[in-house]
Each structure stands twice: as structure tokens, then as C-alpha cells.
Amino acid sequence: MSFRQDVATRWAIVTGASGGLGLAFAWSLARRGYSLVLIARSEAKLRALAQQILVEYPHLQVHVHPKDLGRPDAAAELMTALAGMQIVPTVLVNNAGRGLMGPLIGQDAATLRAMIELNVQSLVELSLLAARAMSTRSEGYILQVASMAALGPTPGLAAYGASKAFVRSFGEALHAELAPRITVTTFLPGLMDTGFNAAAGGYEAPGWARATVITPKQAVEIGLDALFKHRSSVISGRLNRLMAAIGRFTPRRSQARMLARQMPQ
């Protein structure tokens, strides 16, 4: 479904655009002059967002694509549809993802597989296809949304943290591989009020970590500013950056034990 206004030449794809960080990414990119391709499963939320953005920025275009990117071939279907509309993205924000909390042995195998398909496989495929399209114009920007959980072992979020560690490694490798024509920046946000905790199964962050919370809008500006400055990676918030620095001097085994002790019994 498409909401069309005057033609604009710079396009940004935002996945997971129906709420949380994705919502903030969409608004920030619109403010920066980008027409938008919004991806999420909820068509109603995407339609409402598109209409709101076009009221505020009537010179832009907004295309809505309700799609479950965790489904096989979803990324290819999306990029084929955009090619049919002669849309070549300048920006891709790989924001779609999900989390699961609790001991691994209590997780459902099919749910774990679906999370990994979305957090890892879909992100890789969409990065590949978008980068190929961008290379035809010798310019592009890809923001890979990882997490502070990518920085170390995360008992209680073991599979989720591992999926985000993959995103971090993949993004940092692509930053070197695709430069200078295409910039790839890995974004590591910390705790925010985005609804992630409830969606992950009721995850409750340790009390000490709640002091690091910033708003999605603040986090998004940090991520996009780093992307357009061609940085390899960025952590959102001063306290998060401090914690990451301290973590480099803390043995990973000690980090894992500390977090394991704080898991709900």
C-alpha cells in the first residue's frame, strides 16, 4: 500500500517501523528529508504512521509494506517490489528484531528459530540486497541495530544476546568491506522504554542498569548521526559507553556469573 505525495529522490527503508525505535527512526528520517518505506507486521499501525508523517511532511512519499521479515524470502520479496517501483534506497535501517528471556531449557524451539530468522537471517539478506541496489548509485547507508547485549554473555537472554553479537560482528565487517561507497554503522542501544521488555517475555533489567535509560528519540539521533558521519559503530548514551568501557576490563566469565545471579528464580 502506498501513500504518495510529490516525488522525492532519497529513500529510506525502516524495518520494525510500527513502534519503539522504528517509530522514532521513521520520524527522524522524515525530518532529515527522506521519503520512507515502512516495514512491519501491523498494517494498521503503519498506515496511521504514514498518514501522520505526510500531514507533517507533505512533500515526502511514504510506502507501507506490511510484512513478516522473519518469513523465508520476505527480504527478497520486499526488494523485488521496490525495484518494480523504481525505488533504490539510500538508507536502510535494519531495526526489526525480537527478544526472548528466561533459561534456554525453558524456551520453545520454534520460537527460538523464529527469533534467529528475524534477528540474523533476514538482516543478512536485506543487507545483501540493499547493498547491491545501493552500489548501482555508488552511495548508501546501512544502520544495523544491535544491542548492548552484544558486548558480552547475557544469561537469561542467551540466544537474543548471541544474535545481537552476530549483528555487531557482521556490521563491523561490512563497514570495512563496503567502504567508502556504502557506509555501514552498527548501533548498540541500551535500555529504553520501547515495549521490548514485555515482548521478550517480561524481562526486568537489574536496578543498576535502569540508570542508563534514555528515550527512543534520543537513541535514534545518536545512531543516525553516527551513520551519516560514517562511523563503524556507536553506543547510545554516556552511561552505556562508560559501562562498555568498564566491561572491557571485566572477564567475560565474571560478567556472565553476575548476570546469572540476577536471573529470576
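Just the heavy atoms: all of them, side chains too, but no hydrogens, waters or symmetry mates, feed the values below.
- Heavy-atom neighbours of Arg132 CZ from other residues, nucleotides or ligands within 6.0 Å: at or below the threshold of 12.
- Tracing side-chain contacts under 4.5 Å through hydrophobic residues (I, L, V, M, F, W, Y), one never reaches Val88 starting from Leu126; they form parts of separate clusters.
- Side-chain atoms of Leu29 and Val93, non-hydrogen and from C-beta on, do get closer than 4.5 Å to each other.
- Screening Val62, Leu82, Leu92 for a side chain to side chain contact (heavy atoms under 4.5 Å, CB included) involving Val37 leaves a single residue, Leu82.
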- Message: Could you walk me through whether Ser236 and Gln218 satisfy the side-chain hydrogen bond (donor to acceptor under 3.5 Å, both in side chains) test, starting with their C-alpha distance in whole Å, then the side-chain angles of each, then the deciding distance to 0.1 Å, before giving a yes or no?
- Response: CA-CA 8 Å; Ser236 67; Gln218 290 172 316; over 6 Å; no
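- Thr90 and Glu139 are not linked by any side-chain donor-acceptor pair at a separation below 3.5 angstrom, with hydrogens and angles left out of the test.
- Between Tyr34 and Tyr57 there is no side-chain heavy-atom pair separated by less than 4.5 Å.
- With no hydrogens or angles considered, a side-chain donor-acceptor pair links Gln121 and Glu125 at under 3.5 Å.
- Counting heavy atoms from C-beta on, the side chains of Thr186 and Arg231 never come closer than 4.5 Å.
- Using a 4.5 Å heavy-atom threshold, the side chains of Pro89 and Arg10 count as separate.
- Using a cutoff of 4.0 Å between basic side-chain nitrogens and carboxylate oxygens, Asp225 and Arg32 are scored as salt-bridged.
- Of the charged side-chain nitrogens involved, at least one lies within less than 4.0 Å of a carboxylate oxygen, so that Glu172 and Arg168 count as a salt-bridged pair.
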- Query: Is there a side-chain hydrogen bond (donor to acceptor under 3.5 Å, both in side chains) between Ser127 and Gln144 once you walk through the steps?
  - Reply: CA-CA 9 Å; Ser127 298; Gln144 311 286 31; 2.9 Å; yes
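- You'll find the side chain of Leu69 stays beyond 4.5 Å of the side chain of Arg71, heavy atoms only.
- Note: Leu36 CG to Phe25 CZ = 12.5 Å, rounded to the nearest 0.5 Å.
- With hydrogens and angles ignored, the 3.5 Å screen pairs no side-chain donor or acceptor of His65 with any backbone N or O of Ile39.
- Taking all atoms of both residues into account, the shortest heavy-atom contact from Leu118 to Gly70 is CD1-N, 3.7 Å.
- Two residues are said to be in side-chain contact when any heavy atoms from C-beta on lie closer than 4.5 Å; Tyr160 and Leu100 fail this criterion.
- Two residues are said to be in side-chain contact when any heavy atoms from C-beta on lie closer than 4.5 Å; Lys67 and Arg41 fail this criterion.
- Using a 4.5 Å heavy-atom threshold, the side chains of Asn94 and Val145 count as separate.
- The aromatic rings of His63 and Trp11 lie tilted to each other, with the angle between the two planes from 30° to 60°.
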